[in-house]
Amino acid sequence: NQTSLVQQILDKESSADNEGTWIVVYYFRDLKPSLQGLELAGCRSIQYSVLVTGSRGAAAAVARLASNYGAEVAVF
């Protein structure tokens, strides 16, 4: 269950919570899985493959999830 995976990753990354605006850019070469469930992390999509979060922990969770599915990821 992807929502459970999102929550597990969020729980692990919550210690890295620094408030602010964090941008996560990810790219899938082949398969493009949906990253649904990220609203749990307080994320919103501003463009395909670009998300904005309000904390470092959420950004780390999104990056880890996308990376888990084989994406190249950058966090700003």
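With contacts defined as side-chain heavy-atom distances shorter than 4.5 Å, the pair Tyr27/Ser49 does not qualify.
Transitive grouping of hydrophobic side chains (ILVMFWY, heavy atoms separated by less than 4.5 Å) brings Val62 and Tyr69 into a common cluster. Placement of Phe76 and Leu51 in two distinct hydrophobic clusters is found when ILVMFWY residues are connected by side-chain heavy-atom separations under 4.5 Å, directly or transitively.
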Report task. Run the numbers on Tyr26 and Val50 for side-chain contact (heavy atoms from CB on, under 4.5 Å), then give the verdict. Result -> CA-CA 7 Å; Tyr26 58 92; Val50 181; over 6 Å; no
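A salt bridge (Lys or Arg N to Asp or Glu O under 4.0 Å) check over residues 58-76, counting only residues at least two apart or in different chains, returns the pairs Glu13-Arg64, Arg29-Glu72.
The side-chain contact (heavy atoms from CB on, under 4.5 Å) search around Val75 returns Trp22, Val24, Ala59, Ala63, Val73, not counting sequence neighbours.
To the nearest 0.5 Å, atom OG1 of residue Thr53 and atom CD1 of residue Ile23 are 9.0 Å apart.
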